[in-house]
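Heads up, the thing below is written out as structure tokens.
Given the structure is predicted, the values throughout are model-derived calculations rather than measurements.
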Amino acid sequence: MIRKVLGAALAANLMMASMAGAASPDGKWLTESGKTQVQIAPCGSNYCGTIVWQKTPSNDVKNPDAAKRSRPLVGTEMLSGLSADGDNAWKGKLYNFENGKTYTGKMELTDANTLKLSGCIMGGVICKSQTWRRTK
């Protein structure tokens, strides 16, 4: 009986330790250009990313929806529906406000302070990537 209790306690501790060490993309990230910061946070069971700062504030002028072209980019959701896709990786939609297009993409936490994003077209035939850095 004591062995079963100790075994269960050990298993619970190991599980909690592995969960505590799981990497998370939660936080504020500086885009590769250094001109935009994006806050990534849980939204439902997925992750989303919202623009929270721009070096030079601007509007969403390239949005395909003409009604949204006058809205400020700060507050705009840039990453949406990012669901787990392996260890430290998520897949979902990436909005590129520079051309107004939304791509199927991936996000990978390569270390605690580095995030790699890749967006693709034509079923993954043509892809572009950029690296973001965590900010405080």
Side-chain angles (χ1 to χ4, degrees):
M1 177 70 168
I2 291 176
R3 279 189 165 160
K4 286 184 181 179
V5 171
L6 288 175
L10 179 60
N13 281 339
L14 288 173
M15 187 182 339
M16 288 179 70
S18 69
M19 288 172 59
S24 169
D26 287 20
K28 195 181 296 182
W29 297 86
L30 183 64
T31 60
E32 192 169 90
S33 70
K35 296 177 182 178
T36 309
Q37 287 182 0
V38 177
Q39 179 74 43
I40 297 177
C43 56
S45 60
N46 298 320
Y47 281 101
C48 295
T50 303
I51 299 170
V52 294
W53 174 86
Q54 280 189 290
K55 188 173 188 175
T56 305
S58 62
N59 291 341
D60 196 5
V61 296
K62 301 283 185 164
N63 195 300
D65 181 345
K68 294 181 179 178
R69 292 181 188 153
S70 62
R71 74 176 177 178
L73 281 169
V74 172
T76 298
E77 189 173 80
M78 191 171 170
L79 310 174
S80 60
L82 291 161
S83 60
D85 188 37
D87 290 341
N88 302 326
W90 298 265
K91 63 181 177 180
K93 299 290 181 183
L94 312 173
Y95 174 60
N96 181 349
F97 62 84
E98 292 178 335
N99 65 12
K101 297 188 188 286
T102 300
Y103 301 93
T104 298
K106 292 185 178 186
M107 177 175 82
E108 180 184 2
L109 197 59
T110 57
D111 66 42
N113 296 309
T114 308
L115 195 61
K116 180 180 177 186
L117 287 97
S118 303
C120 301
I121 59 172
M122 296 175 53
V125 174
I126 300 173
C127 299
K128 284 192 172 189
S129 298
Q130 56 175 261
T131 301
W132 293 4
R133 302 278 178 224
R134 191 182 296 272
T135 65
K136 296 183 184 209

_Residue pair Arg134 / Ala112: nearest heavy atoms and the distance that separates them_ = NE-O, 2.8 Å
*Which heavy atom in Gln130 sits nearest to a heavy atom in Glu32, and how many Å separate them?*
CA-OE2, 3.4 Å
*What residues, two or more places apart in sequence or in another chain, satisfy side-chain hydrogen bond (donor to acceptor under 3.5 Å, both in side chains) together with Arg69?*
none
*Identify the two heavy atoms, one from Cys48 and one from Ser80, that lie closest to each other, and give their separation to 0.1 Å.*
SG-CA, 4.1 Å
*Nonpolar side-chain network containing Trp132, other nodes, edges under 4.5 Å*: Trp29, Val38, Ile40, Tyr47, Ile51, Leu73, Val74, Met78, Leu79, Leu82, Trp90, Leu94, Tyr95, Phe97, Met107, Leu109, Leu115, Leu117
*Nearest heavy atoms of Asn88 and Ala23, plus distance in Å*: OD1-CB, 2.9 Å
*To the nearest 0.5 Å, what is the distance between CG (Leu30) and CG (Asn113)?*
12.0 Å
*Nearest 0.5 Å, what's the CG-NZ distance between Asp85 and Lys91?*
4.5 Å
*Does Asn59 use its side chain to pair, donor to acceptor, with the backbone of Val61 at less than 3.5 Å?*
no
*Of all the heavy-atom pairs spanning Gly100 and Pro64, show the shortest one and how long it is.*
O-CD, 3.1 Å
*Find out whether Thr135 and Arg133 are in side-chain contact, i.e. whether some heavy atom of one side chain is under 4.5 Å from a heavy atom of the other.*
no
*Below 4.0 angstrom, N of the basic side chain to O of the carboxylate: do Asp60 and Arg71 qualify?*
yes
_Quick check for you: to the nearest 0.5 Å, what is the distance between Ser129 atom OG and Glu108 atom CD?_
10.0 Å
*asked:* Could you measure the distance from the CD atom of Gln54 to the NZ atom of Lys35? Nearest 0.5 Å is fine.
replied: 10.0 Å
*Listed partners of Asp65 passing side-chain hydrogen bond (donor to acceptor under 3.5 Å, both in side chains), at least two apart*: none
*Indicate yes or no for a side-chain donor-acceptor contact from Thr36 to the backbone of Thr31 under 3.5 Å, with no hydrogens or angles considered.*
no
